[in-house]
Amino acid sequence: MSALLELRDVHAGYGQTRVLHGIDLVVDPGGVTALLGANGAGKTTTLRAVCGMVRTSGDISLAGEPIQGRPTEDIARRGVAHVPDGRGTFMELTVEENFRLGAFVRQDKEVHADFERMFGYFPRLKQRWRQQAGTLSGGEQQMLAIARALLLRPRLLLLDEPSFGLAPLIVQDIFGILRQVRAEQGVGILIVEQNANLALDFADRAYLLETGRIVVSGPAHEIREDEQVRRSYLGY
Ligand code: ATP
């Protein structure tokens with residue numbers, strides 16, 4: 001089975017600052033890969049490297065096709081949707097307008113059916129259809145950001161800290177929906193998450209990043225038993 005996403009010896013940085021020093025990473029088709037690590041390790045930069053938002057070298061391929069060095073719009077059109085940290089919804093626009101923007105690159109006529117599908121996952125967004133995104137609760141904004149990304153019909157969803165700043169019950173809700181989305185849409189997911197417990201429960205593969213290098217990798221259930229991961233990220 002060839003990988004949905006594969007990074008080989010990927011380096012990235014900002015100006016003179018080198019952040020990633022040769023990362024190898026895989027997301028299987030329809031699989032979930034978690035990227036763990038301390039603040040500043042380079043997790044967000046890894047997601048940015050995949051969607052062409054930061055200068056990189058090395059090989060990045062999507063379903064066997066090289067995407068490294070391509071423009072962000074082109075990578076999005078090939079099926080990569082990014083939910084950045086801080087959510088990335090258009091705060092001034094309504095829920096409806098955010099939905100329409102999410103779907104605007106789509107040429108097909110099934111957009112409305114997909115709106116309905118999103119309401120199935122996120123009924124609260126239907127109730128808040130005409131409300132400005134900036135006035136939604138944090139959990140609703142995260143839901144909107146995920147819905148908007150899914151409206152691209154991605155093959156790969158990049159999630160940056162979806163639990164950040166949210167109450168535990170909302171986090172449970174969101175991860176429940178992500179499990180459903182994964183099962184129903186077959187979308188592969190690369191997730192950056194501070195809550196290592198949550199991430200390792202959700203993922204089938206995981207990587208631990210330290211100052212721009214992968215130091216531990218493997219099946220999520222094995223990473224959970226790793227001494228270093230347990231001590232530093234799981235707290236037992
Ligand atoms: P966190 O969990 O705190 O978000 P992270 O693992 O996602 O951390 P990154 O956001 O990828 O880490 O940042 C890695 C390093 O790159 C940090 O030292 C950060 O200061 C630096 N960095 C991030 N964005 C920029 C930028 N636009 N310009 C310069 N340096 C940056």
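Predicted model, so just to flag it, every value in this text is computed and none were measured. In each ligand, atom 1 is the first atom listed, and ligand 1 is the first ligand listed.
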Taking V83 as the fixed residue, which of I191, D160, L47, L157 is the one that meets the side-chain contact (heavy atoms from CB on, under 4.5 Å) rule?
-> L157

Sub-4.0 Å atoms of ligand 1 with respect to non-hydrogen atoms of [X]:
X: Q194; result: 2 (O)
X: R48; result: 24 (N)
X: A38; result: 6 (O)

Tell me whether [X] is salt-bridged to [Y], with the criterion being a basic N under 4.0 Å from an acidic carboxylate O.
X: D201; Y: R224; result: yes
X: R153; Y: E110; result: yes
X: R100; Y: E96; result: yes
X: D204; Y: R182; result: yes
X: D74; Y: R78; result: yes

To which of [options] does the heavy atom nearest [atom] belong?
atom: atom 5 (P) of ligand 1; options: K43, R18, E210; value: K43
atom: atom 16 (O) of ligand 1; options: T17, V19, L35, V192; value: V19
atom: atom 11 (O) of ligand 1; options: L209, L47, T45; value: T45

Any protein heavy atom < 4.0 Å from atom 20 (O) of ligand 1 = no

With a 4.0 Å cut-off, strictly under, does atom 29 (C) of ligand 1 pick up any protein heavy atom?
-> yes

Considering non-hydrogen atoms only, spot the tightest contact between T56 and A12 and give its length.
-> CG2-CB, 3.7 Å

Scanning both residues in full, the closest heavy-atom pair of N195 with S163 reads CB-OG, 4.4 Å

Starting from [atom], find the nearest protein heavy-atom neighbour and note its residue, name and distance.
atom: atom 31 (C) of ligand 1; value: Y14 CD1, 3.3 Å
atom: atom 12 (O) of ligand 1; value: G42 N, 3.3 Å
atom: atom 8 (O) of ligand 1; value: G40 N, 2.7 Å

Answer yes or no for G212: is there a heavy-atom contact with ligand 1 below 4.0 Å?
-> no

Can you say whether the rings of F99 and F119 are parallel (under 30°), tilted (30 to 60°) or perpendicular (over 60°)?
-> parallel

Polar contact flag for N39 and ligand 1 (N/O pairs, less than 3.5 Å) | yes

Based purely on interatomic distance, does T44 place a nitrogen or oxygen under 3.5 Å from a nitrogen or oxygen of ligand 1?
-> yes

